[in-house]
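Here is the structure we will look at.
Letters A, B, ... are given to chains in the order of the sequence lines, protein chains preceding strands, and every chain is numbered from 1.
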Amino acid sequence: MSALTFTLKQPTDQRIDMSPLVCQKLQGMDVDAIAAIELQNGKSRRRVDELFYITGMNTQEIIIAYSNNKLDFIGKELDGGSISVQGDAGAYLGMQMKSGTINVSGDAGIYTACEMKNGLLQIDGDVGDFLGGALPGNKQGMKGGTVLVKGNVGQRAGDHMRRGQILIEGNAGDYCGSRMLAGTIAVMGNTGRYLGYAMRRGTLLLWNQPQLSATFNDCGSHTLAFLPILFASFKSFNSRFADSSAAFNRVQRYGGDMAETGRGEVLVRI
Amino acid sequence: MIINGVTIDKTFAEAFPMKATRAIITAQNEKWAMISAQAMTGFATSVIACGCEAGIERVLSPAETPDGRPGVAIMIYAMGGKGLAKQLETRAGQCVLTSPTSALFAGIEGGKPIPLGKNLRYFGDGFQIAKKIGSKRYWRVPVMDGEFLTEATTGMVDAVGGGNFLVLAESQPQALAACEAAIEEMRKIPNVIMPFPGGVVRSGSKVGSKYASLGASTNDAFCPTLKGVTKTDLSPEIESVMEIVIDGLSKEDIDKAMRVGIQAVCDLGAAKGIKRISAGNYGGKLGPFHFHLQEIMA
């Protein structure tokens, strides 16, 4: 059975809420029923077949073709199955995702993996601000799973992050790991200003020396036993993180944010 | 049944259900992994007075351990789940957490999870760090030599304890040599431990005693110095008897271990002073697992 494919007929001026088109909600539905689903498109509601050409039948393997950054909430609360986005994704990609996989060949917008609970989310391009963050007003961001970004990410990646791991092959913007509660963010590229601002716990694993605030204290250089296990868990990813040459276990450890509880850490490869 | 001049008695070993777990100890090198493993499995020969039975299952190469360092797999057996969990935690805390460069990992996937480092983390006094990697939770506990890394839980499974056989020889050195040969072969079998010192016990017991406060006492029927004064099970030429006790994750595991052990003893044969192989049982009333020697060696 071929993948259920939604091919965008033409770019829309208004944003489209894609949250109804997730595997578990479409399971058992025939093509006619799927075509009749109404999606919020700006102020109006439009049938799926008004916006997309629909082909294929496998609701557990969804492809969104010719996607662009107006398609918001792709994979919202996804609970099993896979979604492959050919092109860019809008805001709130994989929001509150519970399990399954999402792959995006292009870029993704703000609040990607917002309050994500589990699963694997991979973006081949860049990602906007608040990756893995919490909805405004909420106290806990991403709570589990893995986000893999091959490009760069915007500001405040991992804001309020509670658990899980964010792996960034490129650079991270300012305030990476801000207000982090726990979890792991690994950045192969460079990081911006105010790294780990007000983080309480959690690990920021860096390949390059960051510009650290005065509230992060040097704890010395160490060989940490958990790092080989962490890197071994990356082996299955299609990523530079899976390369054995990327792995290391010797780091400079900085503790902080001392303006908070100071139980967080920045580990920099040495 | 006679193998290489050694008589295999038509009797059986009697074993009983236990709970078991396995843990993997790693360290900077095999020497320190072994030191920690020996400490953790020390004073654990019999549930009668030790609270558990424990032993080293085997040495692990770096490729076989979670953190890529040399390691040792140990197993602990107890009569119940609560007792096992308590013994595991106490021993891990005093013998692995304390041992230089050590790390501690689960050795059994599945089964019922029991705390491994889950509560040891409190030694970190708030500085401990949790890391969930894949489906597993680890704790990083700051200690004076760096960090003690431990998995939060390991698995507890149903197991079998008390498999055994007796080696009857013409002299004490010959009995011991035969048991050493057996243990060397039995240690190659996975999923079993021989919990007594060096794997061998010289003080096999019977149920009961003339003293009311004792539940077990010396197995006088197999004591060579009592041949003339008790209802003995020994022929005149037997001068020494030693026993090998086996705990295993399943009856089949113990079967395998007994087979290779008895075979190693028989390979020495009557020419080396080995006369009989027998086994300890309680008339079949104590344990549901029966290991019939002649069936095992058939």
What are the residues of [range], in order of number, with any heavy atom under 4.5 angstrom from a heavy atom of chain B?
range: residues 110-147 of chain A; value: none
range: residues 229-252 of chain A; value: A:Ile229, A:Leu230, A:Ser233
range: residues 149-171 of chain A; value: A:Arg163
range: residues 177-185 of chain A; value: A:Gly183, A:Thr184

[atom1] of [X]: more than 12 outside heavy atoms within 6.0 angstrom?
X: B:Lys251; atom1: NZ; result: yes
X: B:Glu89; atom1: CD; result: yes
X: A:Lys25; atom1: NZ; result: yes

Next item on the list: Decide yes or no on side-chain contact (heavy atoms from CB on, under 4.5 Å) for A:Leu227 and B:Lys131, but give the supporting numbers first.
Entry: CA-CA 10 Å; A:Leu227 286 171; B:Lys131 275 284 161 253; over 6 Å; no
Checklist line | Any A:Arg263 side-chain heavy atom under 4.5 Å of B:Gln128 side chain | finding: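 Counting from C-beta outward, A:Arg263 and B:Gln128 never come under 4.5 Å.
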Check: Is there a side-chain contact between A:Arg201 and B:Ile129 (heavy atoms, below 4.5 Å)?
Finding: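 Side chain of A:Arg201 against side chain of B:Ile129, heavy atoms only: no contact under 4.5 Å found.
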